[in-house]
A.B. asks: 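Have a look at this one before I ask anything.
Reminder, nothing fancy here: chain letters follow the sequence lines and each chain counts from 1.
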Amino acid sequence: MNILLVDDDSFFRKFYATKLSAHGFTVQTVSGGKEALEYLDKTQPDAMLLDLIMPQIDGFEVLTHVKQMPQLAGMPIIVFSTLSQPQDIERAKALGALDFVNKSSLNFEALVSKMQALSKKRAV
Amino acid sequence: MNNMDQSALSEYKDLYFETAHENLKTIADNLAVLRADPHNTRALELFFTTAHSLKGKSKLMGYVPVADAARLLERTGRALQAGSPLTQTLSSALLETTSSLQACVTKLQTAGEPTDMAQVIARLEHESGQKAQETL
């Protein structure tokens with residue numbers, strides 16, 4: 001399963017890319033919304049992990065753009081949040097995000113389970 | 001994989017400190033811009049999004065005082081973005097908190113323990129009307 005991980009912080013990019021790769025996922029990382037949209041214009045990953053709070057083009061804007069890209073219809077998007085702003089999660093879901101994970105939680109298993117469930121769904 | 005514990009995070013300490021110092025420099029640089037030009041939207045955005053990043057990774061690593069102070073910076077930045085004024089006393093408290101955070105992260109890195117942030121956090125809470133503690 002190919003995952004696009006979008007986060008402006010290099011710590012989270014490296015941390016989660018390493019962890020997910022160890023579980024057999026192929027992870028491509030980009031550092032912002034602009035880079036994500038450029039990547040998605042050329043490539044269709046199986047899923048996207050998207051940070052919301054980023055400078056310039058934030059996660060909400062990425063979600064808005066993705067909605068207008070028919071080739072990405074059905075691509076599951078999981079919002080990467082620190083749960084500081086619950087209203088952000090609701091707004092992201094209204095824009096098409098499927099689910100969210102708390103990226104500051106030590107419960108990495110929850111993220112892996114969600115990604116594995118998505119992978120199985122896509123394989124059916 | 002079971003839930004991670006702190007020992008599983010130890011291999012990420014170097015990356016944490018490297019990026020935390022970068023974050024704090026970005027926060028300090030953009031605070032300096034805001035003190036001269038409080039309506040600089042780009043500096044304000046970088047100020048609070050970087051504080052948001054620092055908060056998240058500090059919480060993940062278990063560095064609670066750093067996460068709390070960074071959360072307070074983020075919330076104060078969001079309030080400024082929403083139109084709250086950057087008064088002289090608030091500006092001074094933000095500067096003090098940022099400097100104390102830099103010292104705190106350095107002490108965590110070199111001595112393995114944080115400095116006491118309680119006083120500067122209390123002052124910034126008072127000046128900003130925001131809270132450092134997680135509300136969820």
A.B. asks: Using heavy-atom distances under 4.5 Å, tell me whether A:F11 contacts chain B through its side chain, its backbone, both, or neither.
C.D. replies: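 Both parts, backbone and side chain.
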A.B. asks: Give a yes or no on whether B:H21 atom NE2 has more than 12 heavy-atom contacts from other residues, nucleotides or ligands under 6.0 Å away.
C.D. replies: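 Check passes, neighbour count above 12.
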A.B. asks: So which atom in B:S53 and which in A:D9 form the shortest heavy-atom distance, rounded to 0.1 Å?
C.D. replies: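 That closest heavy-atom pairing would be CB-OD2, 3.3 Å.
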A.B. asks: For B:T19, which atoms come within 4.5 Å of any heavy atom of chain A: side chain, backbone, both, or neither?
C.D. replies: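 Just the side chain, heavy atoms under 4.5 Å.
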A.B. asks: Quick one: pull up OH in A:Y16 and CG in B:L60 and give me the separation to the nearest 0.5 Å.
C.D. replies: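 These two atoms lie 5.5 Å from each other.
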A.B. asks: Measure the OH-CZ distance between B:Y16 and A:F12 for me, rounded to the nearest 0.5 Å.
C.D. replies: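 Between atom OH of B:Y16 and atom CZ of A:F12 there are 10.0 Å.
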A.B. asks: Quick one: what part of A:D51 sits under 4.5 Å from any heavy atom of chain B, side chain, backbone, both or neither?
C.D. replies: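 When you check distances to chain B, only side chain atoms of A:D51 fall under 4.5 Å.
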A.B. asks: Using a 6.0 Å cut-off, check whether atom NZ of A:K14 has over 12 heavy atoms from anything other than its own residue.
C.D. replies: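 No, the 6.0 Å shell around NZ holds no more than 12 heavy atoms from other groups.
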A.B. asks: Answer with yes or no whether the hydrophobic clustering places B:V33 together with B:I27; edges join I, L, V, M, F, W, Y residues whose side-chain heavy atoms lie under 4.5 Å apart.
C.D. replies: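 No: no chain of side-chain contacts under 4.5 Å links B:V33 to B:I27.
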A.B. asks: Does a salt bridge link B:K57 with A:D8, judged by any charged N lying under 4.0 Å from a carboxylate O?
C.D. replies: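 No, this pair does not count.
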A.B. asks: Taking all atoms of both residues into account, what is the closest heavy-atom pair of A:M54 and B:T49, and its distance?
C.D. replies: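 Looks like C-CG2, 3.9 Å.
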A.B. asks: Could you check whether any side-chain heavy atom of B:K59 comes within less than 4.5 Å of a side-chain heavy atom of A:N102, counting everything from C-beta outward?
C.D. replies: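 Answer yes - side chains close enough.
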A.B. asks: Side-chain heavy atoms under 4.5 angstrom apart, residues restricted to Ile, Leu, Val, Met, Phe, Trp, Tyr: same cluster for B:L46 and B:F48?
C.D. replies: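 No; tracing contacts between hydrophobic side chains, which count when under 4.5 Å, never links both residues.
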A.B. asks: Is it true that B:L124 and B:V64 fall in one hydrophobic cluster, defined by side-chain heavy atoms closer than 4.5 Å?
C.D. replies: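 B:L124 and B:V64: separate clusters.
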A.B. asks: Does atom NZ (B:K107) have a neighbourhood of more than 12 heavy atoms from anything else shown, all under 6.0 Å?
C.D. replies: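 Correct, the count exceeds 12.
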A.B. asks: Of all heavy-atom pairs between B:G56 and A:S104, which one has the smallest distance, and what is that distance?
C.D. replies: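 Heavy atoms only, the tightest pair is O-OG, 2.9 Å.
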A.B. asks: Check A:P55 against B:E45 and note the closest heavy-atom contact, atom names and distance.
C.D. replies: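 A:P55 and B:E45 have their closest heavy atoms at CA-CD, 3.7 Å.
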A.B. asks: Test side-chain contact (heavy atoms from CB on, under 4.5 Å) on A:K19 and B:Y12 and set out the steps.
C.D. replies: CA-CA 11 Å; A:K19 295 288 182 188; B:Y12 295 97; 3.7 Å; yes
A.B. asks: How about B:Q88: does its CD atom have over 12 heavy atoms from other parts shown lying under 6.0 Å from it?
C.D. replies: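 No, because the 6.0 Å sphere around CD of B:Q88 holds 12 heavy atoms or fewer from other groups.
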A.B. asks: Counting only heavy atoms not in B:Q119, do more than 12 fall under 6.0 Å of its CD?
C.D. replies: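 Check fails, neighbour count at 12 or below.
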